[in-house]
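First comes the structure, then the notes that go with it.
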Amino acid sequence: MKIFTLLALFLLSSCAGYQFRYQNNPFAAYGINSIAIPNFLNKSLVPNASTPFTESINSVLSQNTTLKIHSGNSTRADATLIGIISSLDRKNGFNQTTGRTLIEDRGGRRDFYAPNQTSYKMTLNIILIKKPTQLDLQLINKDFLPYLDKHPKVVFSKVINLSTSYTRFLSLSSGPDGAGVTNATQNREIFNKSVESLASSAGSTFRETVLNAF
């Protein structure tokens, strides 16, 4: 009985290892054993989006490969992973209202519809480039993304399109500003949670479509 139990545990641990580790080093064929990951460049309308997205991709590489990860622009790394986060601007409607709630007459005010469901989209460009020079980094940070696949140092360039929605917090009050303050605070927290979830989704997509491709 003990033998069967040990065998079952061994098989389960083997399957678990296969499930969560794709390749020891997916970029070994390119002579890459270490990667530097500086904070992603945030060109979106979402403040502080750089941190959750950078940490998500960093975590995927740390947990699924044997690559040595360097934070920041390390010159000791064989390659650098550049991330650029972008979104639509306000004129093109970054936030899209996808749901409304009817607020009925209160204290003489007319009925009106308040937005309670909002969706938005973001894009993450990820570029892995071997030993980039300062000029290489300047080109990447500008508007040369469509041409990066032809750069001799670029191992891959991946575009990850992301979208999500969140439910707004609505609190009605007869006070002059209490409800407004509550709504703003709650909705900011809800929005930040949705950004973290989007960053996690970006990490999963990167793992499935990039690491699996190598």
Side-chain angles (χ1 to χ4, degrees), residues 26-27 32 34-65 67-96 118-149 151 153-166 184-211:
F27 311 121
I32 298 174
S34 59
I35 291 179
I37 307 179
N39 284 334
F40 290 176
L41 180 64
N42 183 19
K43 293 186 175 181
S44 75
L45 294 178
V46 181
N48 305 318
S50 176
T51 297
F53 277 87
T54 306
E55 290 179 347
S56 178
I57 300 300
N58 192 320
S59 178
V60 168
L61 286 169
S62 298
Q63 295 177 12
N64 294 277
T65 74
L67 287 162
K68 185 175 182 179
I69 307 299
H70 298 273
S71 298
N73 291 305
S74 174
T75 57
R76 295 177 296 168
D78 298 322
T80 298
L81 190 75
I82 306 295
I84 302 175
I85 308 162
S86 59
S87 67
L88 295 174
D89 57 28
R90 297 186 191 281
K91 293 180 180 179
N92 291 328
F94 170 66
N95 284 313
Q96 296 288 332
T118 301
S119 65
Y120 63 95
K121 298 178 181 180
M122 299 179 72
T123 299
L124 175 62
N125 289 82
I126 302 179
I127 305 101
L128 182 63
I129 181 170
K130 296 183 65 175
K131 292 288 186 180
T133 64
Q134 196 62 36
L135 179 59
D136 293 329
L137 295 177
Q138 290 175 1
L139 291 175
I140 290 174
N141 289 337
K142 291 185 178 179
D143 297 324
F144 286 84
L145 288 176
Y147 311 101
L148 284 178
D149 288 337
H151 194 295
K153 291 184 179 180
V154 170
V155 177
F156 72 80
S157 176
K158 174 67 177 179
V159 178
I160 300 177
N161 294 310
L162 302 158
S163 62
T164 190
S165 62
Y166 62 97
T185 302
Q186 292 280 6
N187 287 326
R188 190 178 303 112
E189 293 177 356
I190 293 170
F191 178 74
N192 289 339
K193 290 286 186 183
S194 75
V195 174
E196 293 175 2
S197 177
L198 211 58
S200 178
S201 176
S204 298
T205 301
F206 174 76
R207 182 183 60 200
E208 298 293 338
T209 61
V210 176
L211 295 190

Heavy-atom pair of closest approach, residues Leu124 and Phe40 | CD1-CD1, 3.9 Å
For residues 190-200, which side-chain donor-acceptor pairs fall under 3.5 Å, sequence neighbours excluded?
residue, atom, partner, partner atom, Å
Asn192, ND2, Arg188, O, 3.3
Ser194, OG, Tyr120, OH, 2.7
Ser194, OG, Phe191, O, 2.6

Could you grab the distance from atom NZ of Lys68 to atom OG of Ser74, nearest 0.5 Å is fine?
-> 8.5 Å
Do side-chain atoms of Ser50 reach the backbone of Asn42 as a donor and acceptor pair under 3.5 angstrom?
-> no
CD1 on Ile37 to CD1 on Ile69, rounded to 0.5 Å | 4.5 Å
State, yes or no, whether a side-chain contact exists between Phe27 and Leu211 at a heavy-atom distance under 4.5 Å.
-> yes
Heavy-atom closest pair (Thr54 atom, Pro38 atom, distance to 0.1 Å) is CG2-O, 3.9 Å
Does the side chain of Ser62 pick up a donor-acceptor pair with the side chain of Asn58 at under 3.5 Å?
-> yes
Ignoring hydrogens and geometry, is there a side-chain-to-backbone donor-acceptor pair from Thr209 to Thr205 under 3.5 Å?
-> yes
Do the non-hydrogen side-chain atoms of Arg207 and Asn64 ever get within less than 4.5 Å of each other?
-> yes
Could you pull out the closest heavy-atom pair between Ala202 and Leu162, with the gap in Å?
-> CB-CD1, 3.8 Å
Matching residue for Ile35 among Leu128, Asp78, Thr80 - test: side-chain contact (heavy atoms from CB on, under 4.5 Å) = Leu128
Taking only residues two or more places apart in sequence, or in another chain, which ones meet Asp136 in a salt bridge (Lys or Arg N to Asp or Glu O under 4.0 Å)?
-> Lys153
Under the 3.5 angstrom rule, does the side chain of Ser87 hit a backbone N or O of Leu45 as a donor-acceptor pair?
-> yes
Between CG on residue Leu41 and CD1 on residue Ile82, distance to nearest 0.5 Å = 9.0 Å
So which heavy atom on Asn161 is nearest to which on Thr123, and how close?
-> OD1-OG1, 3.4 Å
When rounded to the nearest 0.5 angstrom, what distance separates CG in Leu88 from CE in Met122?
-> 10.5 Å
Test Ile84 against Lys43 for side chain to side chain contact (heavy atoms under 4.5 Å, CB included), laying out the working first.
-> CA-CA 7 Å; Ile84 302 175; Lys43 293 186 175 181; 4.1 Å; yes
Taking only residues two or more places apart in sequence, or in another chain, which ones meet Phe206 in a ring-ring contact (aromatic ring centres under 6.0 Å, His included)?
-> none
Distance-minimising heavy-atom pair for Ser34 and Ala77 | OG-CA, 3.3 Å
CD1 of Ile57 to CD1 of Ile126, rounded to nearest 0.5 Å, is 4.0 Å
What is the minimum heavy-atom distance between Asn48 and Pro52, and which atoms define it?
-> O-CD, 3.3 Å
Mind checking whether Leu81 and Phe156 have side chains closer than 4.5 Å, heavy atoms only?
-> yes
